[in-house]
*Asks:* 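Mind having a look at this structure? Questions to follow.
Fair warning: this is a prediction, and the values are worked out from it, not measured in the lab. Note on naming: letters A, B, ... go to the chains in the order of the sequence lines (proteins, then strands), and numbering restarts at 1 for each one. Keep in mind that the numbers below use all heavy atoms, side chains included, and drop hydrogens, waters and symmetry copies.
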Amino acid sequence: MPGPTHVQATINGEEVNFLCEPRQSLLEVLRDVLGMTGTKEGCNDGNCGACTVLFDGRIVDSCLVLGVEIQGREVTTIEGLATADGLHPIQQAFLENAALQCGICTPGFIVASKGLLDEEPGADEGRIRHWLAGNLCRCTGYDKIVRAVLDAGEKMK
Amino acid sequence: MDWIDFATPKTISEAVELLASKGDRARLIAGGTDLLVQLRGGRRSVDLVVDAKQIPELNEMSYSPQNGLVIGAAVPCYRIYADNAIAEAYPGLIDAASLIGGIQIQGRASLGGNLCNAAPSGDSIPPIIALGGVAHIAGSNGSRQVAAEDFCTGPGRNILQDGEMLVSINFPAPVAHSGASYLRFIPRNEMDIAVAGVGTSIVLDESGQNFVSARISLASVAPIPVFAKEAGDSLAGKPVSEATIQQASEKAIAAATPISDMRGTIRQRNHLVGVLTRRTLNIAVERARGG
Amino acid sequence: MVTVFIPTMLQPITGGVKQFDCEATNLRQVIERLDQLFPGIKDKLVEDGRIKPNLAVAIDGEVARMGLLEKVGENSEVHFVPAIGGGAS
Amino acid sequence: MVANIVLSEVEYTHIGKRPIRPDGVDKVIGRAQYGPDITLKGLLHGKVLRSPYAHARIKSIDTSEAEDYPGVRAIITAQDLPFASLSKEELGAGYQALKFASDHVLAGGKVLFKGHPVAAVAAANPHVAEEAAKLIKVEYEELPPVMSVVEAMADGATLLHDDLYTSSLGEISQTASNVAAHARYEKGDVAQGFDEATVVVEREFQTASVHQGYIEPHNGTALWSADGQLDVWCSTQGAFTVRSSMANVLRHPVSKIKVTPMEMGGGFGGKISIYLEPLAALLSKKSGQPVKLVMNRVEVFEASGPAAGSWIKVKMGATKDGKLTACQAELALDAGAYPGSPAMSAAMCAFACYDYPNGLLDAYDVVVNKPKTQAYRAPGSPQAAYAVESVVDELCEKLGIDPFEFRLRNASKEGTRRIEGPVYRRIGLVECLEAARSHDHYQTPVDVQPSGKLRGRGVASGFWFNRGFVSSCNLTLNPDGTVSVVMGSVDLCGTRASIAQQTAEALGIAYEDIKPSIADTDSIGYTFITGGSRTTFATGLATINASQDIKQRMIERAAAIWEAKVEDVEYVDAVLQHKSDSELRMTFKELAGRTLTTGGSITAQCNIDPPGEGNSFAVHIVDVEVDRDTGKVDILRYTAIQDCGKAVHPSYVEGQMQGGAAQGIGWALNEEYFFNGQGQMTNSSFLDYRMPISLDLPMIDTVIVEVANPGHPYGVRGVGETPIVPPLAAIANAIYQATGVRMQSLPITPGKVLDALWSQNGS
């Protein structure tokens, strides 16, 4: 059995080097290797979206990406959204609209919403609901989440 | 998950060599949205995972009204539906590419992977079959081409031999007055496995009132995706009418051999094949008349 | 007088008596009085000196929180009800 | 368009406002530490080996090969639990309870559900632990599984437990049975009641097992030190419940167990029981290192606690004027592998919305070969309401009376005696029914039907107790004039905010000046779980009481500083002032700044087990569309109306109502445990266990009806349970209006709708 693989990637704008086993998912690498636990595991099979990250600007489930696959690529996680100037407009909108209850799905929803609003800040309710179909929330019934994303879109226009 | 090795070949020949060296203990990964779940759940076991995404031919996507469409085996769904020319020429394919999983999955999952995974419920397979897709295969003994309807051989099994890989799926250029559609029935509105799915592709005559030809393919109603040839053939030369469409839907039902399981019963699935055949034919006719 | 309502399933012990009035200042006394009149009923309600774990006692509509020490008022109503588990959100 | 309405009678400064929650920022930037996020020096990772069978005897377990596997540090089986070495005599009356609790954690002689833990491994990383677990050899003797209450209660049914007898309020059956308990409630004379009725409807209903579906999997991390100190970190609704359950199963003193509750990724009642925590503890004890276990999603479905499946028969009679004459129900709820289904609370909730003269209820707690059921939002009440509210709908139809009119004629109100005895105090059911009837949703006709689609509207009501239970709060006045509130209640969804608001209101200071936090079990008085819609009410009372204490201490301190009499000083709007000398005046912050030099900190604490439960009622209205060709049901419009008492933070109250409704919609339409013939769950993933996704739901309108609870100074009742009660029946009733078919089995899947439509057409 050979040893772990060296991977170099850009995560949240910074160059990162790490060792991982090929069988470790990007989610495991983020959480267990790099200590970035903001990305959450809900199902580990691509059906809940809690582990959503941006991979070269596209949203993906990080449980369905191998850590070795991000060699030379760019990843953005929930930890990369707020800046020294403050929260990202989507984060602020989630707070103001009470769009989180337990909060476990929240990082995934916020990152997924960023993937949409960066391209389509004017997305309407139907478009938002369709875009977020891969993100499960069990607390809110989605109502306040959709309102928060609509609200954030207004601010990002 | 058990230990795996990971290789990132840059050429088809390199990939073929790697695959050949491990036989059935090696598997090509494109989006990984099926493979990783199967490896993690112990439903599939391999020693070597070979990345398809560094190989240019597998990432190629090209379309011309003359030569048709080539979709590299590793091209993710979102690239297909983001391409306006392709979306316009192959709406039936777009129907499927935009409903596999959610947006996250569509960022990774490929039609090639969907075909190789050979699930009876694979959403893109009926439209690939209906549109006359051909699988271009490379292997240590050279390359070959296989019609999509001959590609799947059983649940999770396909025609690829050890050391062979899918390079691309090629589609003929759409002819005038043609249209296609894919619909599946699921209890939720997305993120679900088809209880039944139907892909249809039709060509109308110039008047738009008669079928010239039709191909119909079914998902989730047999161990493999079904090419319901007789159902499609029954429309050739017939007028577009409720009666002919009804007749074709009955032939589609006759081609289905569903089982009862937790997702649906035999009766429900046969019924749905009829409903979806009628609905997709009507959509396809509308599309054929519209463009 | 404290009014005690006898649960349906204990009425065989009371010979069908559904209600019972007695003088008492706390729950322990209520159950002692009951047991004097209907011997054996205490064993159904109390275990190891405490109200049985699957049982709750409602006094004037409030579930007793002090166990057998719970005070009963002059005109209190006492009901024996099943304990409900922690419902939750 | 109607969205969220709050019907308030009283306005406050902080209560009823919508501030940003104190824990919000950490949760939107990914910094909040949930259970699986914890890491410790030398942390090992565990994996549980689980039974593939629903019912089998364990003949042998061989761990030798796994023990030799490189990287493995510890392996445990039931032999490592204290119960294995305790005799029946030593344990006396507690024998059976401990046996059940211990066997649930790690199977002793028998496995009773697929996923039942049999052994656990700790290793250097989770992959090695998983590989090693596969090397443990277990020999089973398969037994026939018993999967439904109907099967389990049948004569000659296979028994899960040889030593389980039916307990009927202290009476124990003579022979062993799968029925763990039977309860009966009675009032008046039902036979006579039915004789007086013009219309009698009797129907049977079944519901499938469903899961709470929290997104965060169960987890547990433990460090058992050489001196016997056991530290536990986990996601739980109640750290003290975990502590006592651990003490019980591990026979370890509570004083040696410290439980630190992490942030919680959803519970809904499912995160009260212990699962992985004792395994982590035993693995840590054996390995000498901290051990973390996290379930995968399959394990969550197969081996945590779903809500009970049920069989319920309801019979109701009413006069032609629409007055109920008699209500009768038999309710059998499955407990899973060990006793403890919510059958009794289902019975108490069944007719709680109605005032009726004659009633008879029989409730049965029945064991079956499924994972042990747990609470799920108003446990038992949704199943009961599904049956009762469906029958009420049929009565209304037969009598030709509007469903709200019928409910109002028979509504429970202040003074109505519940069948189990207690009398309602001030409740708000009538107000909810009236708000629902006059709501824009009910006043607007159902949209016209597009071709092939059938539309209909349904309504239903529901009830939950909202009992208080024990809570503790410690308040500290900080030198900068802020107040720290330490509580034992974990924060599921805004607890910090609602407690901070109540504290701010009680003290008259700014919401931002309240610093709420949640303590471990060593640092606060006993506090019962966050659940049962009790926390905003009971922990709120604790902080309000402690706040009064803080005020009194501040008055005393001001008096001491001013060398005045305590009774001459008063606290008005967060200002300390002398009643007669207007020169003597200090703001809250000024006095706070002087505390350290005038005698030290001012603190207060309150431990409370409050009376004054604020029963909550809800009424829901739903419009559905049924696809005649596919049987698919879509929710077109949804309105939830509820008496929550005073809504402390209306946004989170609305969130509870919307979330509960969404879960109820899933329960009604698609969610179910699907078992194969061997009793094995076959849909244990979020793909096949179909919880509603964003596209499945419309916006969910709410009306908060604020009928103040007289048992709380601001009128708080609690909210979280009741909203899951009405949706099941409301949707079934709407489907009936759309199709003419009564659906008597949940979930109402497209396949069942098709079958029903086919039978209706006689095809």
*Asks:* What's the spacing between D:Asn4 CG and A:Lys144 NZ if we round to 0.5 Å?
*Replies:* 4.5 Å
*Asks:* List the atom of D:Tyr214, the atom of A:Arg138, and the distance in Å for their closest heavy-atom pair.
*Replies:* N-CG, 4.2 Å
*Asks:* Who wins among D:Pro217, D:Gly265, D:Ala32 for the most heavy-atom pairs under 4.5 Å with chain A?
*Replies:* D:Gly265
*Asks:* Which region of D:Val25, side chain (C-beta onward) or backbone (N, CA, C, O), has a non-hydrogen atom less than 4.5 Å from a non-hydrogen atom of chain A, or is it both or neither?
*Replies:* both
*Asks:* What residue, out of D:Gly494, D:Ser685, D:Pro698, has the most heavy-atom pairs lying under 4.5 Å from chain A?
*Replies:* D:Pro698
*Asks:* Taking 4.5 Å as the heavy-atom cut-off, does anything in residues 68-89 of chain A contact chain D, and if so which residues?
*Replies:* A:Ile78, A:Glu79, A:Ala82, A:Leu87
*Asks:* Between the side chains of D:Glu130 and A:Arg23, is the shortest nitrogen-to-carboxylate-oxygen separation below 4.0 Å, so that they form an ion pair?
*Replies:* no
*Asks:* More than 12 non-hydrogen atoms from neighbouring residues, nucleotides or ligands closer than 6.0 Å to NZ on D:Lys41, yes or no?
*Replies:* no
*Asks:* I'd like to know which of A:Cys139, A:Cys102, A:Gly141 tops the heavy-atom pair count under 4.5 Å against chain D.
*Replies:* A:Cys102
*Asks:* Rounded at 0.5 Å granularity, tell me how far CG in D:Asn125 sits from CD in A:Gln24.
*Replies:* 7.0 Å
*Asks:* State the CD1-OH distance between D:Ile693 and A:Tyr142, to the nearest 0.5 angstrom.
*Replies:* 7.0 Å
*Asks:* Ignoring hydrogens, what is the shortest heavy-atom contact between D:Phe686 and A:Leu136? Give both atom names and the distance.
*Replies:* CG-CD1, 3.5 Å
*Asks:* Within residues 45-62 of chain A, which positions have a heavy-atom distance to chain D below 4.5 Å?
*Replies:* A:Asp45, A:Asn47, A:Cys48, A:Ala50
*Asks:* Can you tell me how far the OG atom of D:Ser235 sits from the CD1 atom of A:Ile104, to the nearest 0.5 Å?
*Replies:* 7.0 Å
*Asks:* Checking heavy atoms, do the side chain of A:Ile110, its backbone, both or neither come under 4.5 Å from chain D?
*Replies:* side chain
*Asks:* Quick check on the interface: out of D:Gly660, D:Ala662, D:Gly659, who has the most heavy-atom pairs with chain A under 4.5 Å?
*Replies:* D:Gly659
*Asks:* Tell me, do A:Glu41 and D:Arg297 make a side-chain contact under 4.5 Å, heavy atoms counted?
*Replies:* no
*Asks:* Flag the pair A:Arg129 and D:Asp696 as a salt bridge only when some basic side-chain nitrogen lies within less than 4.0 angstrom of an acidic carboxylate oxygen.
*Replies:* no
*Asks:* Name the region of D:Arg21, side chain, backbone, both or neither, that has any atom closer than 4.5 Å to a heavy atom of chain A.
*Replies:* side chain
*Asks:* What do the steps show when you test D:Ile215 against A:Lys40 for side chain to side chain contact (heavy atoms under 4.5 Å, CB included), and what is the final call?
*Replies:* CA-CA 9 Å; D:Ile215 307 298; A:Lys40 303 301 181 191; over 6 Å; no
*Asks:* Flag the pair A:Leu95 / D:Val28 as yes when at least one side-chain heavy-atom distance between them is below 4.5 Å, and no otherwise.
*Replies:* yes
*Asks:* Using non-hydrogen atoms and a 4.5 Å limit, figure out which bit of D:Met264 sits close to chain A: side chain, backbone, both or neither.
*Replies:* backbone
*Asks:* Count the heavy-atom pairs under 4.5 Å between each of A:Gln101, A:Gln92, A:Glu28 and chain D, then report the option with the highest count.
*Replies:* A:Gln101
*Asks:* I need the residue from D:Glu263, D:Gln212, D:Arg18 with the largest number of non-hydrogen atom pairs under 4.5 Å to chain A.
*Replies:* D:Gln212
*Asks:* Contact part of D:Thr39 toward chain A, heavy-atom cut-off under 4.5 Å: side chain, backbone, both or neither?
*Replies:* neither
*Asks:* Can you tell me how far NZ of D:Lys27 sits from OG1 of A:Thr106, rounded to the nearest 0.5 angstrom?
*Replies:* 8.5 Å
*Asks:* Specify which of D:Gln33, D:Glu654, D:Arg31 makes the most heavy-atom pairs with chain A at under 4.5 Å.
*Replies:* D:Glu654
*Asks:* Report the C-alpha separation of D:Ile29 and A:Gln91 in whole Å, then their side-chain angles, then the decisive distance to 0.1 Å, and conclude whether the side chain to side chain contact (heavy atoms under 4.5 Å, CB included) test is met.
*Replies:* CA-CA 7 Å; D:Ile29 65 172; A:Gln91 293 171 319; 3.8 Å; yes
*Asks:* Can you see which heavy atom on A:Asp143 is nearest to which on D:Ile700, and at what distance?
*Replies:* OD2-N, 2.8 Å
